[in-house]
Every structure is written in structure tokens, then in C-alpha cells.
Amino acid sequence: MNIINFINRFPDESSCIEFIKEQRIHQGIICKKCAGLNHYWLENKLSFQCASCGFRTSIRSGTVMQSSNLPIRTWMMAITFITATKKGFSAAELQRQLGMKRYEPVFRMYHKLRVVMGQRDDRYRLEDMVEYDEAFVGKATKAKVRSQLKRGRGSQKQSKVAVMAESTPLEDPESGKGDKSCRYFKMKKIKNLEAKTAQHLIKDYIDSNAVLQTDKSTTFSDLSDCIDVHVSEISGTKEGNFNLKWVHIAISNLKKHLQTYHMISERMMQNYLDEFCYKLNRRYFGQKLFDRLIIASIYPYWYDCG
Ligand SMILES: [Zn+2]
């Protein structure tokens, strides 16, 4: 979806409402009060009314647009811009493109969409062969804090990130040279590099039948509770570099990607990681990415809460 297609397909707010309504009907509306599945559409209230108990679900209720005053078309146009490029958009650039007067609503909208991206990816665990490593990325540090930092303690100005990648070795029969193919990635902001932190992440995000590949750091010295097979190589060696090939490529691309943004606070860091991974994991989707993010955005949050 590029902006010309968007304007032709969605010329006004009512065309956007119609589209979101159809998407929600297609996903199925479940009454929050009685769990009824049959609903009537109330055009003048922009709501679905439960056929059993009369409870109303507004078109925005439970979606990313809940409690937002921005027009639905603004949300959809933002999704068009965000999914049109592999690179990140700064909120200021998005504000300019949308022609909005105020920065703050755009900033909040963009972050809500990043949260949606993260929630969608959290539904999947990594499988087969998985590389795992830790990285440091730059973050915003308040001037006062900065002045108190000791020289050479650069790590205090950086966020710690755990990076995981599904990566399977391929043997090229002609050259005999080894290579690896990659599939899905995950990146999680972490508080520290302790073994416990890694163990929790591995339990949460990696299938226990996977083969885990790490370096020989003590963080990974005992993972027998989390994973059946664990391969570790000394970092920096030829084997070590091959072992963690795709996480290293992803980390280097992440650092380039984050340069788009002026300042990223520790608090918001996970949202930026989520957008980066969401797009990376869907790098072959092309134009379909718009529809996928729309679907994720209107999928009610409470479905995931059980
Ligand atoms: Zn009901």
C-alpha cells in the first residue's frame, strides 16, 4: 500500500469506518458481557449491538484506537506510512507526513502501534536452531546522569538487549562451504546480563526442543533446565562467529536502524525493538504488511488475555 493507493481506496473517514467494520465482522465480535457472537451494526452509534443482551461494542473498543480521538483514517494513514518503508520513521517525520499540528498525539499513536507489533510477535516462539547473544545499544541519558557517570563506563549510557534468531546451517554441496539461513528474530530489553535473566527469556521465547547456540560466557553455563541441546563456541573465533552469524548481523542492522531516532529512552526502548523485529520478521511480505498490521491493530487486546 503506497499513499496514492491509500487515498484512492480510502478517500474519506466513512470508507475507513466501513473497512474496519468489515474487518471486525470477519474476525468475529464477542460480546464482553455475555460472550454472545451475534451482533447488529448500529450505524448512528458506530457500534455493534449484541443480539442476546443488547451490550454495545464500539468500532474502536478493544482495538489499538480505543480511547483515541484521532480519526480512524489518521490511524490507517499512519499504518500506511509505517509499513511502506523498511526503515524507521521518526514521530516528527510521521507528524509532517500526516499534516498534524501536534506532535504528542502522533508520538503516542506510533508507540501504541509498536506495542501491537510486539504483542503479535510475542505469540510465537522460536524453534529448531536458535542463536542467542546480548548487545548494547545507545539510549538517551539525562544530562545530570551523564555528568555523574564515570569515564569509561559507557555501558551506563546503553541499553542491554537480548537478541535471538532462528538460524539453520546449510551445507553447499558444490563448494562444501557452510552457510546459514535465518527465519524469525526476537529482541528483548534486559536489566542485566545475569544467567537468571537469560534463563527466563529462553524459557519464555524459545521452544524447549530447540538447539540453542551461544558463546561461552558464564551467563550460559547452565541452561539444562531450559533447553535440551546447547552448543557454545568461544566468541571471536571462526566457529564462534559462524555460531552466532545472524544475531550479529541483526545487531549491526539494529544499531543502524536506531540512528533514525534522535533519543530513545530506556522506558521506550522495547517498543523500538518491537517495530524493528516485526518488520524484519515480515521482510518478504511487501504490500501485504499494511493489511497484517491493520488486522493486528483491531484484534481486541482482551482475546490475548484469555
Ligand atoms: Zn451480550
Side-chain angles (χ1 to χ4, degrees), residues 115 117-137 139 153-156 158-172 176-255 266-267 269-274 276-278 280-283 304-306:
V115 169
M117 296 183 210
Q119 283 177 339
R120 189 48 54 151
D121 270 353
D122 277 350
R123 295 156 65 140
Y124 310 104
R125 292 176 128 210
L126 300 181
E127 297 173 337
D128 301 332
M129 299 192 77
V130 181
E131 301 175 13
Y132 185 116
D133 201 6
E134 286 145 346
F136 293 91
V137 296
K139 66 170 177 187
R153 297 289 294 275
S155 64
Q156 293 179 30
Q158 293 182 310
S159 286
K160 300 168 196 77
V161 179
V163 181
M164 297 160 255
E166 281 182 349
S167 153
T168 309
L170 305 165
E171 197 72 51
D172 180 352
K177 261 192 193 167
D179 201 357
K180 285 171 123 183
S181 73
C182 66
R183 263 194 334 181
Y184 299 114
F185 293 82
K186 280 190 192 294
M187 297 187 178
K188 295 285 168 189
K189 189 186 77 171
I190 47 177
K191 284 208 173 83
N192 53 54
L193 305 179
E194 289 169 16
K196 249 190 202 160
T197 305
Q199 287 162 6
H200 278 299
L201 285 180
I202 290 164
K203 273 186 188 159
D204 286 348
Y205 298 113
I206 301 176
D207 186 88
S208 60
N209 295 316
V211 174
L212 186 73
Q213 306 164 87
T214 69
D215 63 25
K216 283 215 181 287
S217 142
T218 50
T219 311
F220 311 115
S221 58
D222 184 14
L223 297 174
S224 52
D225 276 356
C226 319
I227 205 109
D228 290 340
V229 188
H230 174 208
V231 180
S232 62
E233 300 282 355
I234 300 166
S235 65
T237 60
K238 194 179 156 207
E239 292 76 17
N241 291 339
F242 184 70
N243 197 33
L244 296 175
K245 177 181 169 176
W246 282 107
V247 289
H248 288 162
I249 292 172
I251 290 166
S252 134
N253 289 338
L254 171 72
K255 287 180 178 174
E266 176 80 10
R267 202 166 67 83
M269 181 61 78
Q270 186 60 49
N271 291 356
Y272 291 91
L273 299 175
D274 287 342
F276 180 76
C277 282
Y278 182 88
L280 183 60
N281 288 337
R282 290 159 186 78
R283 54 201 179 278
D304 276 344
C305 307

Seminar exercise, completed: Distance col, row Met117:CE vs Asn281:CG, nearest 0.5 angstrom, shows 12.0 Å

Exercise. To the nearest 0.5 Å, how far apart are CZ in Arg282 and OH in Tyr184?
Worked result: 8.0 Å

For this session: Look at the side chain of Glu166 and the backbone N and O of Leu126, then say whether any donor-acceptor pair between them is shorter than 3.5 Å.
Result: no

Exercise. Hey, are the side chains of Gln199 and Leu223 touching, using non-hydrogen atoms and a 4.5 Å cut-off?
Worked result: yes

Exercise. Between CD of Gln119 and OH of Tyr278, what distance do you get to the nearest 0.5 Å?
Worked result: 11.5 Å

For this session: Please collect all ring-ring contact (aromatic ring centres under 6.0 Å, His included) contacts where either partner lies in residues 214-234, sequence neighbours excluded, each pair once.
Result: Tyr132-Phe220

For this session: For Cys226 and Ile202, work out which heavy atoms get closest and say how close.
Result: CB-CG2, 3.7 Å

Exercise. Would you say the side chain of Phe276 lies within less than 4.5 Å of the side chain of Asn253, judging by non-hydrogen atoms?
Worked result: yes

Exercise. Do the charged groups of Asp274 and Lys189 touch, with an N to O distance under 4.0 Å?
Worked result: no

Exercise. Mind checking whether Thr197 and Lys191 have side chains closer than 4.5 Å, heavy atoms only?
Worked result: no

Exercise. What is the minimum heavy-atom distance between Met187 and Ala250, and which atoms define it?
Worked result: CE-CB, 3.9 Å

Problem set entry | Basic-acidic side-chain contact under 4.0 Å: Lys188, Asp204 | no

Exercise. Just how far is it from atom CD of Glu194 to atom NE2 of His200, taken to the nearest 0.5 Å?
Worked result: 10.5 Å

Problem set entry | Rounded distance (nearest 0.5 Å) linking atom OG1 of Thr218 with atom NZ of Lys216 | 12.5 Å

Exercise. Is the closest side-chain heavy-atom distance between Ile251 and Val137 below 4.5 Å?
Worked result: no

Exercise. Tell me, do Lys160 and Glu134 make a side-chain contact under 4.5 Å, heavy atoms counted?
Worked result: no

Exercise. Can you tell if the side chain of Gln270 reaches within under 4.5 Å of the side chain of Leu273, non-hydrogen atoms only?
Worked result: yes

For this session: Output every pair passing side chain to side chain donor-acceptor pair (under 3.5 Å) with a member in residues 237-246, not counting sequence neighbours, ordered by first then second residue.
Result: Asp179-Lys245

Exercise. Is the side chain of Thr219 donor-acceptor paired with the backbone N or O of Leu193 at a distance under 3.5 Å, no angle test?
Worked result: yes

Problem set entry | Beyond-backbone contact of Lys180 with Glu131, side-chain heavy atoms, under 4.5 angstrom | yes

Exercise. Where is the tightest heavy-atom contact between Met164 and Tyr205, given as atom of each residue plus distance?
Worked result: SD-CB, 4.2 Å

For this session: Check Pro169 against Met129 and note the closest heavy-atom contact, atom names and distance.
Result: CD-SD, 3.3 Å

Exercise. Going from CG on Asp225 to NZ on Lys203, what distance comes out if it is rounded to the nearest 0.5 angstrom?
Worked result: 5.5 Å

Problem set entry | ring pair (Phe, Tyr, Trp, His ring centres under 6.0 Å) partners of Phe185, counting only residues at least two apart | none

For this session: Specify the closest pair of heavy atoms between Ile227 and Ala210, including all atoms of both residues, with the distance to one decimal.
Result: CG1-O, 3.5 Å

Problem set entry | Minimum side-chain heavy-atom gap Arg183-Asp128 below 4.5 Å | yes

Exercise. Is the side chain of Arg283 donor-acceptor paired with the backbone N or O of Leu280 at a distance under 3.5 Å, no angle test?
Worked result: yes

